[in-house]
Trainee: 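Before anything else, here's the structure in question.
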There are 2 protein chains.
Amino acid sequence: MKRNTKQGEVILTVIKSAGRPLTPLEVHELAVKKVSRLGIATTYRHLKSLTESNQVVGVDYPGQPPRYEWADGKDKVHFACRSCDKLFALEDTTGDAPPAEAPEGFRVQGFEVMLYGICPECG
Amino acid sequence: MKRNTKQGEVILTVIKSAGRPLTPLEVHELAVKKVSRLGIATTYRHLKSLTESNQVVGVDYPGQPPRYEWADGKDKVHFACRSCDKLFALEDTTGDAPPAEAPEGFRVQGFEVMLYGICPECG
DNA sequence: ATGTGTGCAAACAGTTTGCAAGCTT
DNA sequence: AAGCTTGCAAACTGTTTGCACACAT
């Protein structure tokens, strides 16, 4: 995706301004408001290419559809509500160990840490 | 899944003794060795029910199939290798903040923290 | 003018469901 | 005997791909 198209611009803008991770369907629904006739396949194609170029990152929450959010370079802390299933992107916190990282009002019941990198066999 | 069947027993044993998160296909392939004629649907049915009863937890890694692992009650730290795409379940560490949690030999390039709980609106 | 990006529809992969038969209780 | 569980195949959902046309370069 190296050319400037209306579709690409709108899709990126939607993700950038969402402030939380969106599912492919949500991205598409929001983007269609600006470009009617936008095909779902185009949305998927852009999500893939934006992910590959690291402008967008995928966030997965078991048992739920994948979500995508703007990659601002910072590592992320997310909060998944077990009641409403919404996903929140939390502000970069103090760097405390996980259970302490949620702001007031969020009741943490458990956490999962995923580290990315190179394993001993591959390194 | 309240009855004791050969299939259920084998599937749980496979997950318990894997020591790392397995995809549904991996679970099925390993279980078939003990119960030939085991249907893939049965594997999915047990994964779902084991997850619902919290004996097993799902671990997702964007762009990869879902994985399931034995839930021993502890919160988990996982390491995803960007070269071979394998997933490792790391020992429960010191409780340090994420970048410091990997044992020697693992080169951490980034991390993702997922907190589970109840959000302010639902709480 | 060239060739990438798009929309559409068809193809796909992974997961779920309906059903008759088998097994556990 | 009652009814949960299984295997099979068909149905579904979410994602990808082939193709002809449109548009950015």
Side-chain angles (χ1 to χ4, degrees), chain A residues 1-16 18 20-69 80 85-87, chain B residues 1-16 18 21-53 55-69 80 85-87:
Chain A
M1 257 59 188
K2 36 208 169 200
R3 287 185 186 181
N4 257 27
T5 68
K6 182 91 194 204
Q7 289 86 336
E9 186 202 315
V10 166
I11 288 171
L12 183 53
T13 301
V14 161
I15 298 173
K16 268 189 181 175
R20 65 185 179 87
L22 302 175
T23 63
L25 215 69
E26 285 173 325
V27 172
H28 184 248
E29 280 165 2
L30 290 168
V32 164
K33 290 181 184 168
K34 292 279 188 169
V35 186
S36 42
R37 310 197 50 56
L38 171 66
I40 185 74
T42 298
T43 301
Y44 278 107
R45 283 190 271 239
H46 279 278
L47 284 175
K48 192 178 172 200
S49 117
L50 288 169
T51 301
E52 280 166 1
S53 63
N54 295 309
Q55 296 181 75
V56 156
V57 294
V59 187
D60 271 16
Y61 170 32
Q64 292 247 123
R67 321 220 178 194
Y68 297 84
E69 77 178 336
D85 276 337
K86 249 192 251 125
L87 234 62
Chain B
M1 258 52 188
K2 35 209 169 197
R3 286 184 185 182
N4 257 25
T5 67
K6 183 91 194 207
Q7 290 86 336
E9 187 202 315
V10 167
I11 287 172
L12 182 53
T13 302
V14 161
I15 298 174
K16 269 188 180 176
L22 301 174
T23 64
L25 217 68
E26 287 173 324
V27 172
H28 184 247
E29 279 164 4
L30 290 168
V32 164
K33 291 181 184 169
K34 293 277 188 169
V35 187
S36 43
R37 306 196 52 55
L38 171 66
I40 185 74
T42 298
T43 301
Y44 278 107
R45 282 190 272 238
H46 278 279
L47 284 175
K48 191 179 174 202
S49 115
L50 287 168
T51 301
E52 281 167 359
S53 62
Q55 297 180 75
V56 157
V57 293
V59 186
D60 272 14
Y61 169 34
Q64 292 247 123
R67 319 216 180 198
Y68 296 85
E69 76 178 339
D85 275 339
K86 249 193 250 135
L87 234 62

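Here is how names work: the chains are called A, B, and so on, in the same order as the sequence lines, proteins then strands, and each is numbered from 1. Note that the coordinates shown come from a computational prediction; the quantities given were computed from them, not determined experimentally.
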Trainee: Looking at the side chain of A:V35, which of C:dG7, C:dG5, C:dT25 is the nearest nucleotide?
Mentor: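 The answer is C:dG7, which lies nearest to the side chain.
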Trainee: Going 5' to 3' along nucleotides 8-14 of chain D, which nucleotides have protein heavy atoms under 4.0 Å from the base (write B), which only from the sugar-phosphate (write S), and which from neither (write -)?
Mentor: B-----S
Trainee: Test A:I15 against A:L47 for side chain to side chain contact (heavy atoms under 4.5 Å, CB included), laying out the working first.
Mentor: CA-CA 10 Å; A:I15 298 173; A:L47 284 175; 3.7 Å; yes
Trainee: With a 4.0 Å cut-off on heavy atoms, is B:K2 in touch with a base, just the backbone sugar-phosphate, or nothing at all?
Mentor: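 Sugar-phosphate: the residue B:K2, judged by heavy atoms under 4.0 Å, touches backbone atoms but no base.
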Trainee: Under 3.5 Å, side chain of B:H28 to main-chain N/O of B:L38, donor-acceptor pair present?
Mentor: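 Yes, because the side chain of B:H28 sits within donor-acceptor range (under 3.5 Å) of the backbone of B:L38.
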Trainee: To check you understand the geometry: which heavy-atom pair defines the closest contact between A:M1 and A:S49, and what is its length?
Mentor: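 Residues A:M1 and A:S49, closest heavy atoms: CB-OG, 3.4 Å.
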Trainee: What is the separation between atom NZ on A:K48 and atom C1' on C:dG5, rounded to the nearest whole Å?
Mentor: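 Distance, rounded to whole Å: 15 Å.
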Trainee: Verify the contact: side-chain N or O of A:T42 to OP1 or OP2 of C:dG5, cut-off strictly under 4.0 Å; return yes or no.
Mentor: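 Result: no.
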Trainee: When you measure from the side-chain N and O atoms of A:Q7 to the phosphate of D:dC23, is any distance below 4.0 Å, counting only OP1 and OP2?
Mentor: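 Checking A:Q7 against D:dC23: no side-chain N or O falls below 4.0 Å of OP1 or OP2.
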Trainee: Do you know the tightest heavy-atom contact between A:Y68 and A:V56?
Mentor: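 Heavy-atom minimum between the residues: CB-CG1, 3.7 Å.
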Trainee: Could you tell me how far apart B:Q64 (CD) and C:dG14 (C1') are, to the nearest whole angstrom?
Mentor: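 My rounded result for the distance is 14 Å.
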Trainee: What integer distance in Å separates A:D60:CG from C:dG14:P?
Mentor: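 So the CG-P distance, A:D60 to C:dG14, works out to 15 Å.
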Trainee: May I have the distance from B:E9 (atom CD) to C:dC23 (atom P), rounded to whole angstrom?
Mentor: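 Answer to the nearest Å: 16 Å.
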Trainee: With DNA chain C as reference, determine whether B:Y68 or B:K6 sits nearer its 5' end, using the nearest nucleotide of each.
Mentor: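 Result: B:Y68.
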Trainee: In whole angstrom, give the distance that lies between atom CD of B:E26 and atom C1' of C:dG14.
Mentor: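 The answer, rounded to whole Å, is 15 Å.
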Trainee: Between the side chain of B:S36 and the main-chain N/O of B:V32, is any donor-acceptor distance below 3.5 Å?
Mentor: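 Checked: no pair found.
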Trainee: Just checking A:H46: base, sugar-phosphate only, or nothing, at a heavy-atom cut-off of under 4.0 Å?
Mentor: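 Sugar-phosphate contact only.
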Trainee: If you check every side-chain atom of B:N4, which of C:dT24, C:dT17, D:dA24 has the closest atom?
Mentor: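 Looking only at heavy atoms from C-beta outward on B:N4, the closest nucleotide is C:dT24.
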Trainee: With a 3.5 Å distance limit and no angle check, can you tell me whether A:E26 reaches the backbone of A:T23 through a side-chain donor-acceptor pair?
Mentor: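 Looks like yes, one N/O pair under 3.5 Å.
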Trainee: Applying salt bridge (Lys or Arg N to Asp or Glu O under 4.0 Å), can you list everything that pairs with B:R3, at least two apart in sequence or on another chain?
Mentor: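 By the salt bridge (Lys or Arg N to Asp or Glu O under 4.0 Å) rule, B:R3 matches no residue at all.
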